[in-house]
Protein chains: 4
Amino acid sequence: MPLKKQLSPRKQPTQARSRATVSAILEGAAQVFCREGYAGGTTDKVAKRAGVSVGSLYQYFPNKDALLLALADRHAEEGFAMIHLLLSEFKAEMPRLEVFLRQFVQSLFDLHMREPELHRVLFNEAPLPSEFFEKKEAKEHEFSIGVSRLLAAHPEVSCKDPALAAHMLVQTVEGLVHGYIFFPPRAISPENFITETVFMLHQYLSRSAETLG
Amino acid sequence: MPLKKQLSPRKQPTQARSRATVSAILEGAAQVFCREGYAGGTTDKVAKRAGVSVGSLYQYFPNKDALLLALADRHAEEGFAMIHLLLSEFKAEMPRLEVFLRQFVQSLFDLHMREPELHRVLFNEAPLPSEFFEKKEAKEHEFSIGVSRLLAAHPEVSCKDPALAAHMLVQTVEGLVHGYIFFPPRAISPENFITETVFMLHQYLSRSAETLG
Amino acid sequence: MPLKKQLSPRKQPTQARSRATVSAILEGAAQVFCREGYAGGTTDKVAKRAGVSVGSLYQYFPNKDALLLALADRHAEEGFAMIHLLLSEFKAEMPRLEVFLRQFVQSLFDLHMREPELHRVLFNEAPLPSEFFEKKEAKEHEFSIGVSRLLAAHPEVSCKDPALAAHMLVQTVEGLVHGYIFFPPRAISPENFITETVFMLHQYLSRSAETLG
Amino acid sequence: MPLKKQLSPRKQPTQARSRATVSAILEGAAQVFCREGYAGGTTDKVAKRAGVSVGSLYQYFPNKDALLLALADRHAEEGFAMIHLLLSEFKAEMPRLEVFLRQFVQSLFDLHMREPELHRVLFNEAPLPSEFFEKKEAKEHEFSIGVSRLLAAHPEVSCKDPALAAHMLVQTVEGLVHGYIFFPPRAISPENFITETVFMLHQYLSRSAETLG
DNA sequence: AATGAATGAGTATTCATTCAT
DNA sequence: TATGAATGAATACTCATTCAT
């Protein structure tokens, strides 16, 4: 029963120099963990690749796993930002359902496509703390509420429980995209994959489906 | 660049005693990795819990990761068997689409519910070899073909590309179930989750949806 | 506030082979710490000198400090044994006070003379846990009781509080011997040192002194 | 065989400000080493507690051990000053032997009582250089000469070898006080301890004892 | 003179794996 | 076949010390 390790950054880099150091370290970490996987990615390698001494690394990150967490956080933040952007765009003016879905799926797809291997390491090898997932969950729940409002208000959409629908929407996209990224099926092009996903969700949400519920 | 490690079992246990030893080891491994995660699960602990010496463990498994692989394989085999069963049942007589989907989703759900924590370790921490996933992919592809035949033949189903639809079906269920298992959303009961998943897939596949495609 | 480290031996060596390993390690430790001091005495060096792998060392000793503790314990045990022997000898037949004192001082002196440098490391550099000193204290107290009985019964001795006298006796000898060992004053031969110590204690304890108390 | 490290202070603080810095550092060092022991007392902690940057610390002390040495020196100087005072007092007018002894013992006792834990660290953990002890020895020898003169001249004292007697006197007090400080025996009050020590030494030195030598 | 970010050599420790018994 | 003592390469991490600012 090991006490939970400290994973949060050690000190906030305030001066310009330290900020540079920190981002060099993160960049190095991303590259090293990409190439070498979780186990093979040693802190020494990370420091070396970042052009920084191990000591500096540990000045800002209390241990190896904190590096992974920071990377995962960075990724999550990007995702959140993207969704946030989408949501606020659509709050102003909701486009046709299909357009909305396509944009949503495409954005998440692009996000994951950027560094698929880092992704694999982050989510299939790294022992990310449950706190990370809880935070992610919470954030996703928050977005779900936003999405459910959009769905509830959308003329093309019909569903009994918009909150549930929103949750399914988010989860489905995440699940499918993850699956596609990690093992891209040769037979299905990204375009087809996205189109089909959008189609499925459209069917799920659209009014014409109502009669079947 | 580490040479690819040997991961397949060292010798097939033929005698009754060895078979017992092997399954004791696997059982011990399952328990230990559950409790301690990938990194914390040492071969010593596994052997101890299995009531066996480390030496014996290495007699049957060439290294630590082979244990994880065996566990993952065991899980996958169960899944395959389950799907195989379903498919052969339905080949004889195809029930209503909804019934088919419900059974499919429920079975996968149950399978994952059995040892969720082991699951997490297996698929989020363990460095399973890509071979494992390739094999899994291949098997899934194989099943997809079976499923696509069913879909193509089913009167309630309408889709342009049954193979694609089958693939989406499998991936969607896997993705959603994984998500649900790892972070069960408090607000959604298993029943509702399954029902909604079935609903979504039904909408996706059913003839009445055709007009929208 | 670090949690107190585990210092007790990891497993009792039961088989003959392991017993040999353990004593080789202790012997190596004694030599290495002698030569190199506490900080300079690395576990690697100890293992190497013991002709054993580091892993084996850690099989029996949970960390570096446990090695020092074991060495200190060994030393203390020898001292205890010696005193115990002396006490039981004298319980049978008490010799003249001077003889008793001389023997006592000489024994402790010899004990410390055996490995003076190891001693220095043990008691001037090593962070021995307070438990060690408490145990030592307790043992010494126990002996003090034995000594005080002898004193109380001895015809040549006169003191109001034999327990106190016994304590002073033990402490004085220890203090003087330590001092002599660590910085042997060139001007004073061991013989003279011992004689003088005995003389002081004799004066302190003997009846003829009583009138002055 | 590490080259002997530089341990003497780097520069004599001449200005008022620097003097303040230096004493702040020493004070911080005393506190930190008290709380954390030798190994746990890092230069960073010392600097922080002194309200000074590490850089400044190293401006005045070439390395960690120099801090310890300075602390030990400070302590020793106080002791020397105390003894020196005593000696010059008594050179003017020698009081009764018992008074002299009591004062001597009490002074050393008080000196050690001031920061017992720092003491423990200094003399049981810190790797003080042998030079320190040699210097201490030398100084003590010097005092021994002074003491031996007093003893030789004192009417109550009778001893063949005043130099030896003086040495024993100093060593005994040091040894006993150290022992008492590090592990204060619950059963013996400081007053009793001092009284008994004085008594022992009195017996050792006084004329009436002569007949027994 | 002061600062504190950066350094990196140095070490304790682990744990997968082997092999003599 | 089973055992578990022995192995030792591999690594995370610390902390005394430096030096650019």
Side-chain angles (χ1 to χ4, degrees), chain A residues 5 11 13-18 20-22 39-48 51-65 67, chain B residues 5 11 13 15 17-18 21 39-48 52-67, chain C residues 5 11 13-18 20-22 39-48 51-65 67, chain D residues 5 11 13 15 17-18 21 39-48 52-67:
Chain A
K5 273 153 104 192
K11 53 172 158 182
T14 45
Q15 305 189 0
R17 183 165 52 143
S18 2
T21 301
V22 168
T42 72
T43 50
D44 270 335
K45 283 180 194 162
V46 170
K48 189 150 289 173
V52 150
S53 72
V54 222
S56 289
L57 187 159
Y58 278 91
Q59 199 120 94
Y60 298 103
F61 299 92
N63 51 52
K64 175 174 171 173
D65 288 340
L67 241 24
Chain B
K5 277 152 97 191
K11 51 175 157 184
Q15 305 189 0
R17 181 164 55 144
S18 341
T21 301
T42 70
T43 50
D44 264 332
K45 284 180 192 163
V46 169
K48 191 149 287 175
V52 151
S53 71
V54 222
S56 291
L57 187 158
Y58 278 89
Q59 202 109 75
Y60 297 105
F61 298 91
N63 52 48
K64 177 177 172 172
D65 288 339
L67 284 171
Chain C
K5 273 154 102 193
K11 53 173 158 183
T14 44
Q15 305 189 2
R17 182 164 52 143
S18 0
T21 301
V22 167
T42 71
T43 50
D44 268 335
K45 284 180 193 162
V46 169
K48 190 150 289 174
V52 150
S53 71
V54 223
S56 290
L57 188 158
Y58 278 91
Q59 199 121 95
Y60 298 103
F61 299 92
N63 50 51
K64 176 175 170 174
D65 289 340
L67 242 24
Chain D
K5 275 152 98 191
K11 51 173 154 182
Q15 305 188 1
R17 181 163 55 145
S18 340
T21 301
T42 70
T43 49
D44 265 332
K45 284 180 193 163
V46 170
K48 191 149 286 175
V52 151
S53 71
V54 222
S56 291
L57 188 157
Y58 277 89
Q59 201 110 75
Y60 297 105
F61 298 92
N63 52 49
K64 175 176 173 172
D65 289 339
L67 285 171

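Every chain is numbered from 1, with letters handed out A, B, ... down the list of sequences.
A sub-4.0 Å separation between OP1 or OP2 of E:dA6 and a side-chain N or O of A:Thr21 is present. When the side-chain nitrogen and oxygen atoms of C:Tyr60 are compared with OP1 and OP2 of F:dG4, none of them lie within a distance under 4.0 Å. For A:Ser56, a side-chain nitrogen or oxygen approaches OP1 or OP2 of E:dT7 to under 4.0 Å. Side-chain N/O atoms of B:Ser53 include one lying less than 4.0 angstrom from OP1 or OP2 on F:dT3. Contact check, A:Thr43 against F:dA12: a side-chain N or O comes under 4.0 Å of OP1 or OP2.
Contact between A:Leu57 and A:Thr43 at its shortest, heavy atoms only, is CD1-O, 3.5 Å. Taking each heavy atom of A:Tyr58 and A:Asn63 in turn, the nearest pair found is CE2-CA, 3.9 Å. Taking all atoms of both residues into account, the shortest heavy-atom contact from A:Phe61 to A:Val22 is CZ-CG1, 4.2 Å.
Residues D:Val52 and C:Gly40 each lie close to DNA chain E; by heavy-atom proximity, the contact nearer the 5' end of the strand is made by D:Val52. Residues A:Gln59 and C:Ala39 each lie close to DNA chain E; by heavy-atom proximity, the contact nearer the 5' end of the strand is made by A:Gln59. Residue whose closest nucleotide on DNA chain F sits further toward the 5' end, between C:Gly51 and A:Thr42: C:Gly51.
Distance A:Asn63 CG to F:dC13 P: 5 Å, rounded to the nearest Å. The CG atom of D:Asp44 sits 10 Å away from the P atom of E:dA5 (whole-angstrom rounding). Rounded to whole Å, atom P of E:dA12 lies 13 Å from atom NZ of C:Lys48. Atoms CG (C:Leu67) and C1' (E:dT11) sit 14 Å apart, rounded to a whole Å. Atom NZ in B:Lys64 sits about 14 Å away from atom P in E:dT14, given to the nearest Å. Going from atom CG of C:Leu57 over to atom P of E:dT11 covers 15 Å, rounded to whole Å.
Contacts of A:Asp65 classified as side chain to side chain donor-acceptor pair (under 3.5 Å), with partners at least two apart in sequence or in another chain: A:Lys5, A:Tyr38. Remark: C:Ser53 engages C:Ser56 in a side chain to side chain donor-acceptor pair (under 3.5 Å) (not counting sequence neighbours). Under the rule for a salt bridge (charged side-chain N to carboxylate O under 4.0 Å, His left out), the partners of D:Lys45 that lie at least two apart in sequence or sit in another chain are D:Glu36.
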Produce the list of close N/O pairs, under 3.5 Å, pairing protein atoms with atoms of nucleotides 18-21 of chain E; give distances to one decimal.
none

Reading 5' to 3' and counting Watson-Crick or G-U wobble pairs with both distances under 3.5 Å, write the dot-bracket notation for DNA chain E, | for bases paired outside the strand.
.||||||||||||||||||||

